[in-house]
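Residue numbers run from 1 in the order of the sequence given. Computed over heavy atoms, backbone and side chain alike; hydrogens, waters and symmetry mates excluded.
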Amino acid sequence: MSRHSRHPELHRADRVGWLRAAVLGANDGIVSVAGLVVGVAASGASASTILATGVAGTVAGAMSMAAGEYVSVQTQADTEAADLAVEMRELHEDPHSELDELTAIYRHRGLEPALARQVAEQLTALDALGAHARDELGITDTLRARPLQAALASAGAFTCGAALPVLTALFASAEKVTVATTASTLIGLCLTGAMAARAGGAPPVRGAVRVMFWGALAMAAAAGIGKLLGAHLS
């Protein structure tokens, strides 16, 4: 049995791509659709109108989150690809300078000059582009941009989050939908905030409180605008 297998380590960096998108999508799905439901309900709309608004907001929001996340992460992926192309060209045109550059990186990190040169030579012989990508550009397989994964995680999480206020609007009466949606949303945000914090290695209570605060603020603003417009249009 290897030392690594006898001493396993749990790291969370490999989750950062999809976890960030999923957390953002779930919280946005709950808060934005709950805000729509609460705002429309506060304006005095009928139960069918409130439900239709929630469903439409879910579909539009999920598509928007997927598109936005994909474009954003794809831009990062394009930047990484461009940097790697430049590095590949430099390795081909001036390998000696690139070896000196890699040596200087390892010396800056604390290795003795002779050892830094030896490490740079061995890593260059093994995988020159990989060494420069990792140690010069900070690009690793774990943290590489994955646009499709981020888009799917964001859209799926948004839909799951939005299902909470939509289901509340489906089963609650028009008179009680504001209170019911607010209560269910705060509970949902508490759970998602705590789970996201735990998955990321942060204190669950802190994650729950900060998400609930912004969710409550968003629904209060939506309810206020809904009442204002409802009184103005009636």
Who passes side chain to side chain donor-acceptor pair (under 3.5 Å) against [X], sequence neighbours left out?
X: T181; value: none
X: T159; value: none
X: D78; value: Q74

List for me each residue that meets side-chain contact (heavy atoms from CB on, under 4.5 Å) alongside [X], sequence neighbours excluded, and say none if there are none.
X: V86; value: R89, E90
X: D94; value: H96, S97
X: C190; value: A208, M212
X: I30; value: T185, L189, T192

What heavy-atom pair brings [X] and [Y] nearest, and what distance separates the two atoms?
X: V31; Y: G215; answer: CG2-CA, 4.0 Å
X: A180; Y: A172; answer: CB-CB, 4.1 Å
X: V38; Y: A223; answer: CG1-CB, 3.6 Å

> Does anything in residues 98-109 pair up under salt bridge (charged side-chain N to carboxylate O under 4.0 Å, His left out), and if so which pairs, sequence neighbours excluded?
Replying inline: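 Checked against salt bridge (charged side-chain N to carboxylate O under 4.0 Å, His left out) - neighbours excluded - the pairs reaching residues 98-109 are D100-R117, R109-D135.
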> So, does S154 use its side chain to make a donor-acceptor pair with the main chain of A150 at under 3.5 Å?
Replying inline: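 It does not hold such a pair.
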> Which residues, ordered by chain and number, are linked to I105 in its hydrophobic cluster, where ILVMFWY side chains connect at heavy-atom gaps below 4.5 Å, directly or through other members?
Replying inline: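 Joined to I105, directly or through intermediates: L102, Y106, L111, L115, V119, L123.
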>> Using a 4.5 Å cut-off between side-chain heavy atoms of Ile, Leu, Val, Met, Phe, Trp and Tyr, which other residues end up in the same hydrophobic cluster as L217?
In response: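 Besides L217, the hydrophobic cluster comprises F213, W214, listed by chain and residue number.
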> In terms of hydrophobic clusters joined by side-chain contacts under 4.5 Å, are L91 and L84 together?
Replying inline: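 Hydrophobic grouping puts L91 with L84.
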> Is L99 reachable from L126 through a run of I, L, V, M, F, W or Y residues, each pair having side-chain heavy atoms under 4.5 Å apart?
Replying inline: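 Looking at the clustering, L99 is in a separate group from L126.
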Can I get a per-line list of side-chain donor-acceptor pairs under 3.5 Å for residues 46-58, giving both atom names and the distance, sequence neighbours left out?
from	atom 1	to	atom 2	distance (Å)
S46	OG	S48	OG	3.2
S46	OG	T49	N	3.4
S46	OG	T49	OG1	3.0
T53	OG1	T49	O	2.8
T58	OG1	G54	O	2.8

> Less than 4.5 Å apart, any side-chain heavy atom of S64 and any of F158?
Replying inline: no
> Rounded to the nearest 0.5 Å, how far apart are CG of L129 and CZ of R134?
Replying inline: 10.5 Å
> Looking at OG1 of T79 and CD of Q76, how far apart are the two atoms once the value is rounded to the nearest 0.5 Å?
Replying inline: 7.5 Å
> What do the steps show when you test Q149 against V73 for side chain to side chain contact (heavy atoms under 4.5 Å, CB included), and what is the final call?
Replying inline: CA-CA 10 Å; Q149 180 192 64; V73 180; over 6 Å; no
> Do other residues, nucleotides or ligands put more than 12 heavy atoms under 6.0 Å from the CZ atom of R206?
Replying inline: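 Result for CZ/R206: open.
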